[in-house]
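What follows is a short report on a single structure.
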Amino acid sequence: MEYDFDLFTIGAGSGGVAASRRAASYGARVAISEHLRVGGTCVLRGCVPKKLLVYAAHFADDVADAAGYGWRVAPPVHSWPDLIAAKNQETTRLEGVYRKLLSDAGARLFEGHAKLLDAHTIEVNGKRHTAANILLAIGGHPVTPKIPGIEHVISSNEALDLPKLPRNIVIVGGGYIAVEFAGIFSGLGASVQLVIRGEELLNGFDDDVRVHLAREMRARGIVIHARTEIVKIAKRGSGFSLGTKAGAELSADCVMYATGRKPNTTGMGLAEAGVALHPESGAIKVDEWSRTSVPNIYAIGDATDMLNLTPTAIAEGRALAETLFNNNPICARTEIVPTAVFSNPTIGTVGLTEAEARAAHTAIDVYRTVFRPLKNTLSGRDEKTLMKLVVDRASDKVLGAHMVGPDAPEIIGGLAVALTCGATKQQFDRTIGIHPTASEEFVTLRTKVPEPKAKAAE
Ligand code: NDP
């Protein structure tokens, strides 16, 4: 049977666009649909606008630090509406770039809500299209717990477009989004309270990183309420009051929830087409080739709820296009995926945490340093950088590298190459550092952290 298209991608975010362009470059007849704006979460509601706001917040530090270097600067004034307008102009420009990339590649764009009618038929705005292969790159959305008053809260979507900067904000959640927005709002002058249900922020990250970041965030005036659960929210005057399970009350003029995201898998005809989902998360089940339970339907990115990161969605999309249309089978799954949190200070991390390494290896060595960056000497800023290497004692391989401090994402991005190549600690030691930089510390770490047992006996 002849289909209208060789590939029909649903969702024009980073992953869907990457897959579609790569497929079209090999001569495939490609269509792509989008029901919101072309560009998706990363470009329009996530990574890119968030990072622009992170830059904005950092200028507060730069201005404060400048005095120690001889600058006399009048107290600066920030305009939130100007920042949001500039950010919106940039995301609109990027949307245009994405549209052009798709049309230059020869992919047909259908704007509207897409629905599967069967394994080869997609309906967009009442019009049917058929395709040999279908790619679900349908992303995710923020989720909030069902508690009284939850309708008053905003998510990261609205936080990026608030009409004015809140004077004080409560952010619920301790993941990537919560700590990043805590840094943004606090840097721009709001007073910030972070509410986490556990003991520490950033579950899944190395414990030293978690403790270090919390200490530095507190030093910046961010209040972290640990082991705290919000059970109700009510409007109070022009703001809100939040009741905790323990009976305490918090108040704020804006409440933001960053309590995780869920795949956009409802209302799309996935069940009708036979696409199996994970019952609890609603994520699309896929194998390592991005294949769903239906042989010609594939899924990538946040819709599969594995590693919800833009570069992994792009890698999965390109791998699929290579496999289907270039006779070049590539399995996108890799074990070593670096990640960053654009908190203030920033985090960069690649490989295993100390706890993961202890669980998976017989013996490990840990190297750690906490130091005051050179820039902070004259600025007087009392903030320290943390760096840590986790090494397998038997093979000498570096299993994990973690950093909290300025430029951590940039530095760890480079180290990710070394870890992907299987670098050993000895090879790190042989590497000549660049002086004076923070990164040189990663190649001059000599003193092992005492074993936990030996430490306890001290
Ligand atoms: P995360 O899954 O990272 O964190 C969710 C947070 O909310 C956790 O602290 C979790 O607590 C808490 N939480 C969950 N449910 C509740 C609840 N009912 N009540 C109170 N707290 C709750 O989600 P995010 O929303 O921060 O981000 C979503 C994903 O987006 C991330 O996992 C990441 O993959 C991606 N992302 C990546 C970024 C980057 O690369 N820089 C930036 C932003 C997002 P607990 O730990 O106790 O479960």
Side-chain angles (χ1 to χ4, degrees), residues 3-44 46-48 94-111 114 116 119-120 122 124 129-140 263-264 275 284 286-292 294-304 306-338 413 416-417 420:
Y3 297 108
D4 300 337
F5 298 100
D6 300 314
L7 176 70
F8 196 110
T9 302
I10 304 181
S14 303
V17 168
S20 302
R21 289 178 61 210
R22 183 66 61 94
S25 78
Y26 293 128
R29 295 167 307 145
V30 177
I32 185 166
S33 72
E34 174 57 55
H35 73 128
L36 296 171
R37 290 167 63 194
V38 173
T41 303
C42 173
V43 173
L44 301 165
C47 326
V48 172
L94 286 173
E95 182 182 357
V97 170
Y98 269 66
R99 283 176 179 274
K100 184 160 184 319
L101 288 173
L102 284 171
S103 71
D104 287 355
R108 281 207 43 204
L109 174 64
F110 295 101
E111 296 191 63
L116 296 187
H120 289 282
I122 309 100
V124 187
H129 310 277
T130 59
N133 300 287
I134 294 173
L135 171 59
L136 304 168
I138 52 186
N264 292 329
V275 176
I284 300 168
V286 283
D287 67 9
E288 68 272 32
W289 298 94
S290 302
R291 288 183 293 216
T292 69
V294 182
N296 67 303
I297 301 184
Y298 304 84
I300 57 170
D302 291 3
T304 63
M306 290 183 300
L307 283 171
N308 298 331
L309 301 169
T310 298
T312 53
I314 291 173
E316 288 162 6
R318 288 186 178 149
L320 180 66
E322 291 291 331
T323 304
L324 291 180
F325 302 110
N326 192 31
N327 197 21
N328 173 28
I330 297 180
C331 168
R333 299 264 171 96
T334 47
E335 288 192 355
I336 297 179
V337 177
V417 180
T420 301

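Please read all numbers here as calculations on a predicted model, not as lab measurements.
More than 12 heavy atoms of other residues, nucleotides or ligands sit less than 6.0 Å from atom CD of Glu288. By the neighbour-count criterion of 12 heavy atoms within 6.0 Å, atom CZ of Arg108 is sparsely surrounded, having that number or fewer from other residues, nucleotides or ligands. Heavy-atom neighbours of Asn327 CG from other residues, nucleotides or ligands within 6.0 Å: at or below the threshold of 12.
Closest of all the heavy-atom pairs between Ala332 and Ala315 is CB-O, 3.8 Å. Ser20 and Thr9 get closest at one heavy-atom pair: OG-OG1, 3.0 Å. The minimum heavy-atom distance linking Glu316 with Ser290 is given by the pair CB-OG, 4.2 Å. Of all heavy-atom pairs between Ala23 and Phe325, the closest is CB-CD1, 3.5 Å. Here the shortest heavy-atom pairing between Ala19 and Ala321 reads O-CB, 3.6 Å. The shortest heavy-atom contact between Val38 and Leu44 is O-CD1, 3.5 Å.
Counting heavy atoms from C-beta on, the side chains of His35 and Glu111 never come closer than 4.5 Å. A 4.5 Å side-chain heavy-atom check between Leu320 and Ile330 finds every atom pair outside the cut-off. Counting only heavy atoms from C-beta outward, the side chains of Lys100 and Leu102 never approach each other to under 4.5 Å. Side chains of His129 and Val124 form a contact here, defined as non-hydrogen atoms less than 4.5 Å apart. Side-chain contact between Val275 and Ile284 is present, with heavy atoms from C-beta onward closer than 4.5 Å. Between Tyr3 and Asn133, every side-chain heavy-atom pair lies at or beyond the 4.5 Å cut-off. Taking 4.5 Å as the limit, some side-chain heavy atom of Ile297 sits within range of a side-chain heavy atom of Leu136.
Although no hydrogens or angles enter the test, the distance criterion places no donor-acceptor pair under 3.5 Å between the side chain of Asp4 and the main chain of Ala131. Side-chain atoms of Thr312 come within 3.5 Å of backbone N or O of Leu307 as a donor-acceptor pair.
The CD1 atom of Ile138 sits 10.5 Å away from the CG atom of Asp302 when rounded to the nearest 0.5 Å. The structure places CZ of Arg99 at 11.0 Å from CD1 of Ile32, a figure rounded to the nearest 0.5 Å. Residue Phe5 holds its CZ atom at 11.5 Å from CD1 of Ile134, rounded to the nearest 0.5 Å. Between Leu324 atom CG and Asn296 atom CG the span is 10.0 Å, to the nearest 0.5 Å. With values rounded to the nearest 0.5 angstrom, Glu34 atom CD is found 8.0 Å from Leu109 atom CG.
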Exercise. When you look at Ile314 and Ile300, which way does the side chain to side chain contact (heavy atoms under 4.5 Å, CB included) test go after all the steps?
Worked result: CA-CA 8 Å; Ile314 291 173; Ile300 57 170; over 6 Å; no
Problem set entry | Worked check of side chain to side chain contact (heavy atoms under 4.5 Å, CB included) between Val30 and Asp6 | CA-CA 6 Å; Val30 177; Asp6 300 314; 6.0 Å; no
For this session: Please lay out, stage by stage, how Ser103 and Tyr98 fare under the test side chain to side chain contact (heavy atoms under 4.5 Å, CB included).
Result: CA-CA 9 Å; Ser103 71; Tyr98 269 66; over 6 Å; no
For this session: Would you check, one step at a time, whether the test side chain to side chain contact (heavy atoms under 4.5 Å, CB included) holds for Thr323 with Trp289?
Result: CA-CA 9 Å; Thr323 304; Trp289 298 94; 4.1 Å; yes
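Electrostatic pairing of Glu322 and Arg318 does not count as a salt bridge here, judged by no charged N lying under 4.0 Å from a carboxylate O.
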